[in-house]
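Just below is one structure, and these are the notes that go with it.
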Amino acid sequence: MKKQTQVWKEIGTAFLLRSTMAILCGLVLAVTAQAGSRPSKDMEPPEIIEEDLVESPAMIGRHVIIEAPNVNPLATNFFEVWAYLIAGSEEYLDNSFPITDVGYFSAELNTYGELVGVPNPKKLSGYPGRIHLVVACNSTSLTHFALDPEGRVRQKLVDDLVKATENFDGLQIDFELVPKRDVDTFHSFIKELRERLPHKLLSVALPARTRTLENDVYDYRRLSTLVDKVFVMAYDEHWATSKPGPIASIDWCNNIATHSLETIGREKLVMGLPFYGRTWGDASLNRAFYFSGIQRIMRENQVDSQDIQREDEIPTFTYQVPSVTVTSYYDDVHSLSVRLDNYFDRGIKAVGFWCLGQEDPRIWSHISISQREQVE
């Protein structure tokens, strides 16, 4: 996603034929980035629980009339719309988009726990909204090392984060692989940043949850008391090594929204949506074999001695297999609009996207920003 990437679907046959190949080719790039939470051996994928309906309060000015084929022609209105932007891809930010907050992705930690790769906000000159420095770390060992409260690395990291944030409106921490035993360490780190950045907007990007897990590093309720905003990465329900399935199914997202509203609340919650897609093949042929296994493979695929070549005396061969079936799931303007409408109906005030440049561009015509709480 915060978090773990989905291709564009539907609306004109000509559009599909022209765009699908390009999108599939781009999936590799989309999947490599973050945007969102990627389940790991250290973090169990969230379990789905029964949804408790949340009453949605009346909200003023939901819809702006627009024209769009095959989609509800009413734009969904939010008080805040966040979007991640990868440094080096600044051309994907159009200042006319209804975006109040840009998460500039990303600075990171090097091998020594030092802050590196801080993007230059001057490259976004002309953008009228808030710009947040996003700092990512996706290594359990590096995270443990850098956040150790007894070490000198942490203090320097905090100092560097405070200094780097001087040129931004806010700071977002996107540490997706915090070791389970470092719950208190991570929370004290966020608390220290809160104290050092009293006049900046502090946020955290958290993986999707449908319930509170025991001793959870990413406890929504606890972390929400330490920050201004919580960006819930409601994507990567299915990931690169899982079975094929939606990046974020509608029911799954509704369950996450229910839990998020109960634990974070409307004022601090930013519900994340995916712009990307994934593909899965029904067979993977990359693996290691004993010598006897190689001999079996040769027999089963009718590889004989004439097919064996040698490279620097090392035997090698190739063979053909039947076509691999590829399954793809992705989001288009319709599926994104369904999620947005669902979130609005629940009274959610802010949404966000991973990430700019991966979207069905028609989605921007179906979002508007409330004038009541627009970012100053």
Side-chain angles (χ1 to χ4, degrees), residues 1-4 34-52 54 82 103 132 134-140 142-144 146-149 154 158 161 170-197 201-237 239 248 252-272 343 346 348-352 354:
M1 285 64 79
K2 130 81 230 20
K3 33 206 148 30
Q4 249 173 88
Q34 44 285 131
S37 69
R38 294 170 189 76
S40 71
K41 292 180 180 179
D42 200 53
M43 294 194 301
E44 296 180 58
E47 295 180 16
I48 295 179
I49 58 174
E50 289 297 321
E51 176 186 357
D52 294 320
V54 176
W82 293 50
H132 305 261
V134 180
V135 181
C137 184
N138 291 313
S139 164
T140 53
L142 181 56
T143 300
H144 174 77
L147 299 189
D148 182 359
R154 168 162 161 167
V158 170
L161 285 169
L171 170 68
Q172 181 174 110
I173 300 300
D174 180 17
F175 288 11
E176 300 184 24
L177 293 179
V178 180
K180 290 183 177 180
R181 287 160 57 182
D182 285 344
V183 174
D184 292 336
T185 297
F186 179 60
H187 290 190
S188 69
F189 171 68
I190 299 298
K191 183 177 180 180
E192 186 174 358
L193 288 173
R194 172 72 291 167
E195 294 170 350
R196 295 285 303 276
L197 294 168
L201 195 152
L202 179 63
S203 62
V204 288
L206 301 183
R209 292 285 189 265
T210 59
R211 63 183 178 86
T212 300
L213 305 180
E214 185 177 359
N215 298 320
D216 190 6
V217 172
Y218 305 110
D219 186 307
Y220 286 6
R221 193 183 304 276
R222 184 176 175 185
L223 282 168
S224 67
T225 65
L226 305 176
V227 298
D228 300 300
K229 297 287 181 179
V230 177
F231 190 108
V232 174
M233 297 181 287
Y235 34 81
D236 273 359
E237 177 185 6
W239 58 98
W252 186 70
C253 289
N254 287 339
N255 289 330
I256 295 168
T258 296
H259 178 64
S260 299
L261 287 167
E262 291 174 349
T263 53
I264 300 169
R266 292 183 177 86
E267 298 306 319
K268 292 187 176 184
L269 173 61
V270 182
M271 281 297 297
Y343 291 155
R346 290 171 172 272
I348 290 172
K349 298 182 177 182
V351 294
W354 177 268

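Keep in mind it's a predicted model, so treat the numbers as computed, not measured. Residue numbers start at 1 and run along the sequence shown.
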Quick check for you: to the nearest 0.5 Å, what is the distance between Thr225 atom OG1 and Ile264 atom CD1?
11.0 Å

Between Tyr220 and Ser260, the two heavy atoms sitting closest are CE2-OG, 3.5 Å

Are more than 12 heavy atoms from other residues, nucleotides or ligands located less than 6.0 Å from atom NE2 of His144?
no

Tell me, do Phe186 and Thr143 make a side-chain contact under 4.5 Å, heavy atoms counted?
no

In Å and rounded to the nearest 0.5 Å, what is the CD to NZ distance from Glu214 to Lys180?
10.0 Å

Worked verdict on Arg266 versus Leu261 for side chain to side chain contact (heavy atoms under 4.5 Å, CB included)
CA-CA 6 Å; Arg266 292 183 177 86; Leu261 287 167; 3.5 Å; yes

So does Leu213 get a backbone contact from the side chain of Tyr218, meaning a donor-acceptor N/O pair under 3.5 Å?
no

Between Asp148 and Thr185, does a side chain to side chain contact (heavy atoms under 4.5 Å, CB included) hold up when you go through it step by step?
CA-CA 7 Å; Asp148 182 359; Thr185 297; 5.9 Å; no

Given His132, which of Leu202, Leu201, Leu171 fulfils the side chain to side chain contact (heavy atoms under 4.5 Å, CB included) condition?
Leu201

Using side-chain heavy atoms (C-beta onward) and a distance below 4.5 Å, is Val134 in contact with Gln172?
yes

Where do Leu226 and His187 come nearest, in terms of heavy atoms and distance?
CD1-O, 3.6 Å

Got a second to check how far Glu192's CD is from Leu197's CG, nearest 0.5 Å?
10.0 Å

Minimal heavy-atom distance between Met271 and Cys253, with the atoms involved, is CE-O, 4.4 Å

Check: Leu142 and Cys137 side chains under 4.5 Å, non-hydrogen atoms:
yes

With under 30° as parallel and over 60° as perpendicular, where do the rings of Phe175 and Phe189 fit, or are they tilted in between?
parallel

Does Asp184 come within less than 4.0 Å of Arg222, counting only side-chain N to carboxylate O?
yes

Closest approach of Asn138 and Leu177, non-hydrogen atoms and distance?
O-CD1, 3.2 Å

How many angstroms lie between atom OH of Tyr235 and atom CD1 of Ile256, to the nearest 0.5 angstrom?
11.0 Å

Taking salt bridge (charged side-chain N to carboxylate O under 4.0 Å, His left out) as the test, write out the residues that go with Asp228, two or more places apart.
Arg194

Is any side-chain heavy atom of His259 closer than 4.5 Å to a side-chain heavy atom of Val232?
no

Contact check, side chains of Asp216 and Arg209, non-hydrogen atoms, under 4.5 Å
yes

Exercise: identify the closest heavy-atom pair between Gly272 and Ala234:
O-CB, 3.4 Å

With a 4.5 Å limit on heavy-atom distance, are the side chains of Pro149 and Arg154 in contact?
yes

Could you give me the CA-CA distance, side-chain angles and deciding distance for Leu161 and Arg196, then say whether side chain to side chain contact (heavy atoms under 4.5 Å, CB included) is met?
CA-CA 10 Å; Leu161 285 169; Arg196 295 285 303 276; over 6 Å; no

Under a 3.5 Å distance rule, please check whether Lys191 uses its side chain to pair with a backbone N or O of Val227 as donor and acceptor.
no

Which heavy atom of Val217 sits nearest to which heavy atom of Pro179, and what is that distance?
CG2-O, 3.5 Å

